[in-house]
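Input: a single structure, listed below in structure tokens.
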Amino acid sequence: MQQIKLFKGVDNDLPELERQINRWIRKTGVKVLSISGNLSSQPGASGGPMNSFAAGDVLIIVQVESEKPLG
């Protein structure tokens, strides 16, 4: 059965979000079908001349194939 798992983080802590997602994939043993994401900048945040990206939330959507429901 195809299912999705959502992960939420912040863009200044992407390495930890990657570790969390990879741990979850290994732990559950699911077959990953696709991974997509979205970056949402914070209202009122502005990047300075040395920063091309404003701080923001990251949403990662992992579509998987699994024989049992994810919990």
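In this structure, CZ on R19 lies 10.0 Å from CG on N22, to the nearest 0.5 angstrom. The CG atom of D13 lies 10.0 Å from the CD atom of E18; values are rounded to the nearest 0.5 Å. The CZ atom of R23 sits 12.5 Å away from atom OG1 of T28, with the distance rounded to the nearest 0.5 Å. Note that the CG atom of L14 and the CD1 atom of I60 stand 7.5 Å from one another [nearest 0.5 Å].
Salt bridge absent: E67 and K31 never bring a charged side-chain N and a carboxylate O closer than 4.0 Å.
Among V30, I35, L33, V32, the one residue that satisfies the side-chain contact (heavy atoms from CB on, under 4.5 Å) test with Q63 is L33.
Counting side-chain heavy-atom gaps under 4.5 Å among Ile, Leu, Val, Met, Phe, Trp and Tyr, the cluster of I61 also holds I4, L6, L59.
Between L17 and K8, the shortest heavy-atom contact is CD1-O, 4.1 Å. The minimum heavy-atom distance linking S66 with Q3 is given by the pair CB-NE2, 3.6 Å.
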Handout entry: Residue pair V10, V58: steps toward the side chain to side chain contact (heavy atoms under 4.5 Å, CB included) verdict
Key = CA-CA 5 Å; V10 291; V58 176; 5.9 Å; no

